[in-house]
Amino acid sequence: TPVTLQTLKAVGDCLIDIHGPNEHQSLFSQKIQLEILDRYGKLQSLVSECAEIATAIKKIRDQRSELDSKLPSPVEAEHLQLVISEIEKVDPQPDEDRELSSRHAIAANARQVLETASQSVNLLNESDTSLTDQLSEVYRNLQDLERIDPTRISPFIEQCEQLIEGVRELSHDLEAYSNKVELNEAEFQELENRLSDIQTLKRRYGPGLGEVFNALENSLIRLKQFEGSAELRQKLDDEEDRLYKKLTAAANKLSKKRQKAATELAKAVADKLQVLGFLKAEFAVGFSTVEVGPNGKDQVDFM
C-alpha cells in the first residue's frame, strides 16, 4: 500500500530494527534508552510509583480546569461585585420608574397643574357663576315646581341633590390634589437625580427594571458560586502541592538509583565491547534533568 515516507518511518520503527555499522534504530530513542536503563536496574516499581502520582496530579489539574471553565474567573467576579454594588446602591423598587416618571411630569409642570386645578375649583364652587351656585338655583326652582307637581318633580330634585353633592366632592378632591402639588425646587432636583439613577441602571442592564432585577439576582448567584469555589480551589491546590512534593521525592529517589544503575550498565557494556574486540571503545550514560513527570525527572543519553 503506498504511504508517505513519514508514515513508513513511524510504522517501520515499530516493526524493524536496521542493523548497520553506525546505527541501531531503537537505541536512538532516548525514551527507549531510559526504559532499558530502568529494566537493567529493576526500577519499574519506582517508575510506576512516579506514574501513579503524576496521574493523580493530572486528575486534580483537570478538575481545576473544569471548575474554572464553569465558574467565574477572578476578573469576572470583580465585575459581578461591581454590578451588585451599583444596583444595590440605587436600590430600585418594582415599578418605581413609572411612579417617578409620573411624579416628575407633575413636578415639572407644577405651576400649570396648580393654576388649572385652582381654576377648576373656582368654576365648580367659588366664582359668582360657579356650577354649585347654578345648580343651587336650579334646585330652588325645582322646589317651587314640586309644590305644584310633587309626584313627577321629586325625582328631579333627587337628581339635582346628587349633582350638587357630586360637584362639591369633585371640588374637594381637586383641592386635596392641588395641596399635594408643591413648587419645591430642592425636592424636584432630588426627584430628577433619582430618576436619572434609575434610567442609568435601565440603560446598562435593562431595558426595563425587570431585567435590572434579573441582572442583580444572576450576579449574586454567580458571585456566590465563585466565593464557594475558592475553598474548593484551595483544597485542590493544597492536594496538588502535596502530591507534587511526593512526586519530587519519588523522582529524586529514582534518579539516584538510575545513576547507580547507569554506572553498572556502562561498565557492563564496556566489558562486552572489549570482548567483541572494540579495545578503544567507550560507553557512558549521560543524564539531564527535565520537568518532573510520570518517568521521574531524568532524560538519559547513551554515548
Side-chain angles (χ1 to χ4, degrees), residues 3-20 22-71 229-276 278 281-303:
V3 295
T4 64
L5 184 61
Q6 183 178 2
T7 302
L8 180 63
K9 184 178 186 306
V11 176
D13 286 348
C14 299
L15 301 176
I16 303 169
D17 271 341
I18 300 174
H19 296 264
N22 300 314
E23 60 183 358
H24 186 280
Q25 295 297 317
S26 64
L27 281 179
F28 281 164
S29 167
Q30 290 180 316
K31 178 182 177 183
I32 297 297
Q33 293 175 4
L34 189 62
E35 290 177 0
I36 289 172
L37 177 61
D38 290 338
R39 287 203 305 272
Y40 180 82
K42 296 180 174 58
L43 305 176
Q44 290 92 332
S45 61
L46 280 175
V47 176
S48 296
E49 181 182 354
C50 288
E52 289 175 4
I53 300 172
T55 299
I57 291 175
K58 183 180 183 303
K59 184 177 180 181
I60 288 175
R61 290 174 177 172
D62 290 343
Q63 287 178 331
R64 189 167 52 235
S65 296
E66 183 179 2
L67 185 68
D68 291 340
S69 67
K70 292 181 178 179
L71 297 178
S229 69
E231 182 179 355
L232 178 56
R233 279 193 181 95
Q234 188 60 52
K235 288 182 179 179
L236 292 174
D237 290 344
D238 292 344
E239 179 63 10
E240 182 180 352
D241 288 343
R242 185 188 70 81
L243 288 173
Y244 191 82
K245 290 176 181 178
K246 184 177 179 181
L247 176 60
T248 301
N252 288 336
K253 180 179 179 181
L254 176 60
S255 182
K256 288 181 180 180
K257 289 186 176 293
R258 278 173 172 167
Q259 292 179 32
K260 179 181 178 183
T263 301
E264 296 172 359
L265 176 62
K267 183 176 184 308
V269 172
D271 290 345
K272 292 295 184 182
L273 289 172
Q274 291 288 329
V275 173
L276 291 172
F278 295 95
E282 295 180 6
F283 180 82
V285 180
F287 277 82
S288 58
T289 302
V290 296
E291 175 66 27
V292 64
N295 292 315
K297 68 172 188 176
D298 300 309
Q299 180 174 287
V300 299
D301 190 13
F302 287 178
M303 299 182 293

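For Glu264, there are no side-chain hydrogen bond (donor to acceptor under 3.5 Å, both in side chains) partners at least two apart in sequence or on another chain. Lys267 meets the salt bridge (charged side-chain N to carboxylate O under 4.0 Å, His left out) test with Asp271; sequence neighbours excluded. Remark: Asp301 engages no residue in a salt bridge (charged side-chain N to carboxylate O under 4.0 Å, His left out) (not counting sequence neighbours). Here Phe287 pairs with nothing under the ring pair (Phe, Tyr, Trp, His ring centres under 6.0 Å) rule; sequence neighbours left out.
At a threshold of 4.5 Å between non-hydrogen side-chain atoms, the residues Ile36 and Phe302 count as touching. Using a 4.5 Å cut-off on side-chain heavy atoms (C-beta onward), Asn295 and Cys50 make no contact. For the pair Leu236 and Glu240, the minimum side-chain heavy-atom distance is 4.5 Å or more. When side chains are defined from C-beta on, Asn252 counts as touching Thr248, because their heavy atoms get closer than 4.5 Å. Proximity of Lys256 to Gln259: side-chain heavy atoms (C-beta onward) are nowhere separated by under 4.5 Å.
Taking both residues in full, the closest heavy atoms of Val292 and Leu247 are given as CG2-CG, 3.6 Å, listed atom of the first, atom of the second, then distance. Among all heavy-atom pairs drawn from Leu46 and Lys257, the shortest one is CD1-CD, 3.3 Å. Nearest heavy atoms, Ala251 versus Gly296: CB-CA, 3.9 Å. Between Ala266 and Ala284, the closest heavy-atom pair is CB-CA, 4.3 Å. Nearest heavy-atom pair across Ile53 and Ala250 is CD1-CB, 4.4 Å.
Remark: Gln63 CD to Arg233 CZ distance equals 13.0 Å, nearest 0.5 Å. In this structure, Glu52 CD and Lys246 NZ are separated by 8.5 Å, a value rounded to the nearest 0.5 Å. For the atom pair OG (Ser65) and CD1 (Ile60), the distance works out to 12.0 Å, reported to the nearest 0.5 Å. The CD atom of Glu239 lies 10.5 Å from the NZ atom of Lys59; values are rounded to the nearest 0.5 Å.
Using a 4.0 Å cut-off between charged nitrogen and carboxylate oxygen, Asp238 and Arg242 do not count as a salt-bridge pair.
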(request) Check step by step if salt bridge (Lys or Arg N to Asp or Glu O under 4.0 Å) holds for Asp62 and Lys58. (result) CA-CA 6 Å; Asp62 290 343; Lys58 183 180 183 303; 3.0 Å; yes
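Within the structure, the salt bridge (charged side-chain N to carboxylate O under 4.0 Å, His left out) test picks out the following pairs touching residues 28-49 (sequence neighbours left out): Asp38-Arg258. Sorted by first and then second residue, the ring-ring contact (aromatic ring centres under 6.0 Å, His included) pairs with a member in residues 40-61 form an empty list; sequence neighbours excluded.
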